[in-house]
Protein chains: 2
Amino acid sequence: MQPAGPPADIPTPPWRASKKRPTARQPLSAEAVLDTALRIVDRDGLDGISMRRVAQELGTGAASLYAYFANKDELLEQLLDRVIGDIPLPSAEAADWIAEVKESCWESRAVFVAHRDLVKVARANLPVGPNSLRYTEAMLAVLRGAGIPDRVAAWGMDQLSLVIVADAIEVSIHISRGQQTEADAAPWLAEVSGYYANLPQDRFPNLVAMAPVMIEGSGDERFAFAIDLMVDGLARYVGSDGPNSGQVAA
Amino acid sequence: MQPAGPPADIPTPPWRASKKRPTARQPLSAEAVLDTALRIVDRDGLDGISMRRVAQELGTGAASLYAYFANKDELLEQLLDRVIGDIPLPSAEAADWIAEVKESCWESRAVFVAHRDLVKVARANLPVGPNSLRYTEAMLAVLRGAGIPDRVAAWGMDQLSLVIVADAIEVSIHISRGQQTEADAAPWLAEVSGYYANLPQDRFPNLVAMAPVMIEGSGDERFAFAIDLMVDGLARYVGSDGPNSGQVAA
DNA sequence: ACCTGAACACCGTTCAAGT
DNA sequence: ACCTGAACACCGTTCAAGT
């Protein structure tokens with residue numbers, strides 16, 4: 001009697017293989033859903049992700065996802081927190097706390113940029129996800145350890161993440177515009193600069209004069225400028241007793 | 001013989017009036033489309049706007065809008081520029097340029113917040129719309145007039161608008177969450193603070209200790225902190241020769 | 001008890017067919 | 001030449017009906 005299926009050494013016929021999903025069917029779980037969602041975001045960006053598409057790649061229907069996530073927003077929020085888990089934690093033991101904070105800003109930006117425009121879902125300022133909490137704790141340890149007043153530490157962290165997220169979004173927009181490298185972006189920037197240069201001189205004297213400067217500087221240089229501005233500003237609060245009481249040295 | 005329509009002093013029957021659109025049908029134009037779109041955004045927010053809905057309120061089909069706008073994104077971009085036209089231009093003749101710049105930041109925020117979450121569509125940093133150009137020109141005049149180097153002026157404006165937009169988005173999120181006033185937001189904030197306070201003390205010593213501070217400060221206080229940090233930071237570049245060459249006084 | 005197919009109420013955009 | 005109804009290819013979310 002023949003066995004029901006073909007022996008193991010005979011290749012599965014292609015029309016049979018094509019019906020199988022590439023990965024063995026794992027039982028559905030929040031973890032598995034996030035894995036799949038992240039794969040889609042990395043491949044197609046935020047516009048490419050939908051509840052239906054995630055479900056399809058898991059071999060089920062969109063409705064099944066609602067057992068694990070209240071809605072699409074919650075799924076994306078948890079996905080972002082997962083990615084935040086890839087950011088190395090800054091150390092409060094670092095010799096130079098200013099360098100440590102700046103370094104962490106660069107690392108955060110790198111992690112966000114590595115996942116297309118997922119960072120666009122970053123919204124509210126108060127961290128809630130487990131990885132966001134861990135990161136916040138570590139950064140607060142550095143800032144408080146440096147002698148920055150609590151209120152300045154809290155508000156300053158807020159501003160720092162705001163700048164990082166905004167910058168990462170901008171980079172991700174350039175990337176999805178097909179401008180992976182600085183060189184790719186050059187033609188578009190030159191066009192904008194030319195547009196400024198040809199504005200009516202009498203009504204736009206400053207824009208005309210600054211046409212070349214407006215597009216100057218790589219993304220990295222601009223990010224460095226912003227981070228330095230912020231962190232150096234925060235450093236001036238060391239040992240003071242807060243943002244509104246003790247006047248910061250002028 | 002009776003005239004075809006009723007005399008002017010007899011009210012139009014309700015079933016006839018109800019068939020009329022509330023406003024007289026104006027021929028379609030980019031202007032008219034933007035008027036309608038802004039009305040919808042102000043009423044229902046960004047989630048409430050769609051090409052179909054805008055068209056419907058204009059008494060036509062969605063396809064007709066594509067004669068004036070390449071797509072929805074372009075429509076929203078022009079809509080934002082229109083709103084930016086409501087921001088008063090800062091004056092380069094002001095006695096205290098620092099106060100003038102800060103004042104303009106507050107005015108910008110107010111205009112954005114007045115239109116729900118429309119500000120969410122603000123993206124790229126280089127201004128292109130006519131009103132964005134006018135505003136940029138005026139702000140550059142102030143910064144250059146104050147003696148800030150061109151490159152710092154360009155990058156600084158960038159950062160300033162980034163902070164304003166991010167803050168306005170946050171305020172708009174609070175508002176759409178039904179927290180119009182600071183008092184409305186209080187219960188939610190207290191909940192988050194309580195969550196921080198109950199985190200495991202050994203792994204989150206700083207968050208636990210700072211639980212009350214994390215939610216401290218009104219939106220206005222936090223915005224003031226951010227703007228002061230930025231503008232005061234920029235002021236330190238007055239008379240220097242740029243961000244990366246002449247070292248800023250420490 | 002858990003899962004899901006099918007339905008509901010929408011989308012942005014295109015284009016053939018009308019005036 | 002201009003405009004638009006209808007179609008295309010999607011959405012997020014719900015829920016009745018199945019196992």
Side-chain angles (χ1 to χ4, degrees), chain A residues 19-21 23-80 116-118 120-121 123 173 176-177, chain B residues 19-21 23-80 116-118 120-121 123 173 176-177:
Chain A
K19 292 224 168 173
K20 266 192 192 163
R21 270 172 302 281
T23 57
R25 170 66 174 277
Q26 46 193 327
L28 214 52
S29 68
E31 187 74 18
V33 172
L34 289 177
D35 282 347
T36 303
L38 187 57
R39 182 156 31 88
I40 295 173
V41 166
D42 285 348
R43 195 209 311 131
D44 304 322
L46 219 44
D47 283 344
I49 202 171
S50 71
M51 297 302 265
R52 295 170 122 98
R53 192 118 54 169
V54 173
Q56 187 195 319
E57 298 213 1
L58 284 163
T60 182
S64 304
L65 305 184
Y66 289 83
Y68 303 94
F69 304 93
N71 50 44
K72 189 188 180 186
D73 279 351
E74 195 188 286
L75 194 160
L76 290 176
E77 201 180 302
Q78 290 194 31
L79 193 57
L80 182 68
R116 300 283 210 117
D117 52 352
L118 174 62
K120 276 183 190 160
V121 312
R123 282 280 123 94
I173 289 174
S176 60
R177 226 192 243 131
Chain B
K19 292 223 168 173
K20 266 191 191 163
R21 270 173 302 282
T23 57
R25 170 67 175 276
Q26 45 192 326
L28 215 51
S29 68
E31 188 73 18
V33 172
L34 290 177
D35 281 347
T36 303
L38 187 57
R39 182 154 32 87
I40 295 173
V41 166
D42 286 348
R43 195 208 312 130
D44 304 323
L46 219 44
D47 283 344
I49 202 170
S50 70
M51 298 301 265
R52 295 170 121 96
R53 192 117 56 167
V54 173
Q56 188 196 316
E57 297 213 2
L58 283 163
T60 181
S64 304
L65 305 184
Y66 289 83
Y68 303 94
F69 304 93
N71 50 45
K72 190 188 179 187
D73 278 351
E74 194 188 286
L75 194 161
L76 290 177
E77 201 180 301
Q78 290 194 31
L79 192 57
L80 182 68
R116 300 284 209 116
D117 52 352
L118 175 61
K120 277 183 190 160
V121 311
R123 280 282 124 93
I173 288 174
S176 59
R177 226 193 243 130

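In the text below, chain A, chain B and the rest are named by the order of the sequence lines, each starting its count at 1.
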[X] [atom1] to [N] [atom2], straight-line distance once rounded to whole Å:
{"X": "A/Phe69", "N": "D/dG12", "atom1": "CZ", "atom2": "P", "answer": "14 Å"}
{"X": "B/Tyr68", "N": "D/dC3", "atom1": "OH", "atom2": "C1'", "answer": "9 Å"}
{"X": "A/Leu46", "N": "D/dC11", "atom1": "CG", "atom2": "P", "answer": "13 Å"}
{"X": "B/Met51", "N": "D/dC3", "atom1": "CE", "atom2": "P", "answer": "15 Å"}
{"X": "A/Arg52", "N": "C/dC11", "atom1": "CZ", "atom2": "C1'", "answer": "11 Å"}
{"X": "A/Asp47", "N": "D/dC11", "atom1": "CG", "atom2": "C1'", "answer": "12 Å"}
{"X": "B/Leu28", "N": "D/dA1", "atom1": "CG", "atom2": "P", "answer": "20 Å"}
{"X": "A/Tyr66", "N": "D/dA16", "atom1": "OH", "atom2": "P", "answer": "17 Å"}

Of the candidate nucleotides D/dT13, C/dT14, C/dT13, which contains the atom at the shortest distance from the side chain of B/Ala63?
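My answer, after comparing the listed nucleotides, is C/dT14.
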Residue B/Ala62, side-chain atoms from C-beta onward, closest of C/dT13, D/dT13, D/dG5:
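Of the options given, the side chain of B/Ala62 lies nearest C/dT13.
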Enter the distance from [X]:[atom1] to [Y]:[atom2] here, rounded to the nearest 0.5 Å.
{"X": "B/Gln56", "Y": "B/Arg52", "atom1": "CD", "atom2": "CZ", "answer": "10.5 Å"}
{"X": "B/Ile173", "Y": "B/Arg116", "atom1": "CD1", "atom2": "CZ", "answer": "13.0 Å"}
{"X": "A/Ser50", "Y": "A/Leu65", "atom1": "OG", "atom2": "CG", "answer": "9.5 Å"}
{"X": "B/Leu76", "Y": "B/Leu34", "atom1": "CG", "atom2": "CG", "answer": "9.5 Å"}

Stem ranges for DNA chain C, with three or more consecutive Watson-Crick or G-U pairs under 3.5 Å?
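Ordered by first number, the stems with DNA chain C (at least 3 consecutive pairs each) read C:4-8 with D:12-16, C:12-16 with D:4-8.
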Does a side-chain N or O of A/Arg53 approach OP1 or OP2 of D/dC10 to a distance below 4.0 Å, or not?
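So the side chain of A/Arg53 is outside the cut-off, no N or O lying under 4.0 Å from OP1 or OP2 of D/dC10.
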Under 4.0 Å between a side-chain N or O of A/Ser64 and OP1 or OP2 of C/dT4?
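Result: yes.
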Assign B/Ala67 to base, sugar-phosphate, or nothing according to its heavy-atom contacts below 4.0 angstrom with the strands shown.
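Nothing: the residue B/Ala67, judged by heavy atoms under 4.0 Å, touches no strand.
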Single hit among A/Asp35, A/Ile40, A/Thr60, A/Leu38 for side chain to side chain contact (heavy atoms under 4.5 Å, CB included) with A/Val54:
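Only one option passes, and that is A/Ile40.
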Considering only distance and modelled atom types, tabulate donor-acceptor pairs under 3.5 Å from the side chains of residues 41-49 of chain B, sequence neighbours left out.
unit_1, atom_1, unit_2, atom_2, d
B/Asp42, OD1, B/His115, ND1, 2.8
B/Asp42, OD2, B/His115, ND1, 3.3
B/Arg43, NH2, B/Glu57, OE1, 3.3
B/Arg43, NH2, B/Glu57, OE2, 2.9

